[in-house]
Number of protein chains: 2
Amino acid sequence: MAARTTLADVATRAGVSVSTASLAFSGAGPVSAATRDRVLSAAALLGYVGPDPRGRSLRSGRSGIVGVVLEDRVLEAFRDPIMIAFLDGIAAEVSPGGRALLLLADVGESPHVLSTAPMDAVILVSCSPATTASAETVIRRGMPIVVLGGSVPAELDDVPSVTLDDRAATATSARHLFALGHRDIAVVALPTDIARRPGPLTDERIAACTTAVTTERILGARDVFPDFTGEIATGSYVEEGVRTGHLLLADPSRRPTAIIAQSDLLAAGVIKAATELGLDVPGDLSVVGFDGVRVDHVIDHDLTTLVQPAAEEGRTAGRLVLEQLAGGDVESVAFTCEFHPGGTTAPPR
Amino acid sequence: MAARTTLADVATRAGVSVSTASLAFSGAGPVSAATRDRVLSAAALLGYVGPDPRGRSLRSGRSGIVGVVLEDRVLEAFRDPIMIAFLDGIAAEVSPGGRALLLLADVGESPHVLSTAPMDAVILVSCSPATTASAETVIRRGMPIVVLGGSVPAELDDVPSVTLDDRAATATSARHLFALGHRDIAVVALPTDIARRPGPLTDERIAACTTAVTTERILGARDVFPDFTGEIATGSYVEEGVRTGHLLLADPSRRPTAIIAQSDLLAAGVIKAATELGLDVPGDLSVVGFDGVRVDHVIDHDLTTLVQPAAEEGRTAGRLVLEQLAGGDVESVAFTCEFHPGGTTAPPR
DNA sequence: CTGTTAGCGCATTCAA
DNA sequence: TTGAATGCGCTAACAG
């Protein structure tokens, strides 16, 4: 590994000073076309690709990197298309500035990276108390933070965030079911704690819930149906919808007429479970989802759901980061879900 | 934004020299427990999180970042679970060392990042000629590279890679179909060029194919069936399988008895198309896939397919990177697919 | 328009 | 076991 050629080498070769060479590359200052050409061709000759980011970032104080913190490991996090849409939105907003995304997945496993990784700012995606703890590290580093995804944990109240009207939105779909005549519903909930323990959705579990999104969506259902049963899933996966669906639908004598699933993947799973049990959706069972992810590959229904503008949320999170990096003051942004009445809800038999 | 506290501040506060403070943090050198404690508590007092990565990386020459280059933008790239598995494998291998992944998606759009992003090494995932062009930049930067995913484009022959026996594997599933008695098959191919143009799979298109994976898998089918028709998909998506499936199955008089899909998602789509046309799989049509991704949410079949060890490939790519960073010489690794005989193939009617 | 001068924050020599 | 000095590669002031 030969010694890397540096800007100084290029400058010498071109017969100019280092600072001039620097300006020639950054294009920031006034450099005559002739000198720039000389510098650039000298660089080409020496195989110099451009200023070393290490020196540059030490000097400028900027790395051009935006960290994206995910609670889960990659494999789990990206099973839910909503995550991919978030990330895509962030990338779309941030990349044009020449910035790149540092993926910090499963941060609970190695919290150390948060204090050692070179970044200019951080976006916390769908965080729970587990990640908010490590978020303090980031704050101490003096870096801008934005929280993205669903509701914001109370601990991060003062951090700019991109949120969703989880409660109101869920209440909308609940009212839709109520208006259709449903009185006996069940909820398939997202995880309520970091351990992702499954189990019946009891008042105790609800009270102990540490995941803001889950709580809010439960409250939205409560706003319309004061009383309902439910099951807690271990994550937003189709097979968890199938599992919980079977639990809720197995006993015909205690079978709800409608199920509110807290994600589209869970809803798709519930519908599959219902079909397996010989139930017709929406004839025998109404199902609503949440997210507005397209699940038509999975089920042959047009799912009644709440569409969240995931890509737009991602972009907004990116924008809030950029604005903070530009020195601006930033306000949280709240998005609204749009109710999509599909073909999976109908009056109860 | 107050001036950041530096290691020097901490050292002063602790009444030691900067170098001692440095040692106290890195733990590399001999420091008495007493002094280390003094340094650490001084740091805590000042809210010092740890050495600034900028200074550290300039000095050490290492950023602790591994770049992952994806051809597509995030939204498209991660629609295929195989990509997620790759990334998860890479992260699993690389994270324990405190390293993080820099996601460089849709690099064609902003090739500049490749020469400006702080990285120690780069993994090119499923690259085509489009990305190999920009790979030269990385090579000129003197950074280790590993190519991951499918077959390697000829241009990157000399770069260490993690490959798959695409051709031999496809030949295996083709022989399976042949042994069942199929003589009239069709292929649903992955994109053949960067533009992802769809269309019939003609000899011209095959000859002009710039995607190594696609070519290899076509050749594998050719090894058994010298002659077949086919359609080119615009990507590894279920709906593309549906679309191409309809094209291939619409005309009953020219309907193949079996379809080789170059990915499981495409295969799932083909099966959906067949079902929509009232065909029974495998009764009226046999279908094989490729990848070994679990698509049982999408179709109610146990897909006959070729299982590639995606997570293992990702891990290996990560390992090859780490070994190169450690100064080691590295050999390419070739993986083998395992044929999984599922329930979507049977003798033709 | 170009050159000179200073560090950015840290890890690593080498001495003490 | 600790401290003093040095420079990693670059950019931003300022002076010319």
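Here is how names work: the chains are called A, B, and so on, in the same order as the sequence lines, proteins then strands, and each is numbered from 1. Every heavy atom of this structure was used, including side-chain atoms; hydrogens, water molecules and symmetry mates were not. It should be emphasised that the depicted structure is a prediction, and the values quoted were computed from it without experimental measurement.
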Considering all heavy atoms, the nearest [X]-[Y] contact:
X        : Y        : result
B:Pro160 : B:Ile145 : CG-O, 3.4 Å
A:Val31  : A:Ala24  : CG2-N, 4.0 Å
A:Arg141 : A:Thr116 : NH1-N, 3.7 Å
B:Arg99  : B:Gly64  : CG-O, 3.0 Å
B:Ala310 : B:Ala85  : CB-CB, 3.6 Å
A:Leu325 : A:Asp120 : CD2-O, 3.5 Å

Tell me what [X] touches on the nucleic acid: a base, only sugar-phosphate, or nothing, going by heavy atoms under 4.0 Å.
X       : value
A:Ser60 : nothing
B:Arg56 : sugar-phosphate
B:Tyr48 : sugar-phosphate
B:Leu58 : base
B:Val18 : nothing
B:Ser32 : sugar-phosphate
B:Thr35 : sugar-phosphate

Exercise for review: Name the first nucleotide and the last nucleotide along DNA chain D (5' to 3') that come under 4.0 Å of a heavy atom in chain B.
Suggested key: D:dT1 to D:dG9

Check your understanding: With nearest nucleotides of DNA chain C determined for A:Ser19 and B:Arg59 from heavy-atom distances, which residue corresponds to the more 5′ nucleotide?
Key -> A:Ser19

Review point. Can a donor-acceptor pair be found between the side chains of B:Thr210 and B:Asp193 at a distance below 3.5 Å?
Key: no

Exercise for review: Check ring pair (Phe, Tyr, Trp, His ring centres under 6.0 Å) between A:Phe86 and all other residues, then give those that pass, not counting sequence neighbours.
Suggested key: none

Review point. When you match A:Ala8 and B:Leu23 each to their closest nucleotide on DNA chain D, which lands nearer the 5' end?
Key: B:Leu23

Review point. Reading DNA chain C 5' to 3', how would its secondary structure be written in dot-bracket notation, given Watson-Crick and G-U pairs with both distances under 3.5 Å, brackets [ ] for crossing pairs and | for partners on other strands?
Key: ||||||||||||||||

Check your understanding: Under 4.0 Å between a side-chain N/O of A:Ser17 and OP1 or OP2 of C:dT4, yes or no?
Key -> no

Practice item. May I have the distance from B:Arg54 (atom CZ) to C:dG7 (atom C1'), rounded to whole angstrom? Key: 15 Å

Check your understanding: Ignoring hydrogens and geometry, is there a side-chain-to-backbone donor-acceptor pair from B:Asp37 to B:Ala34 under 3.5 Å?
Key -> no

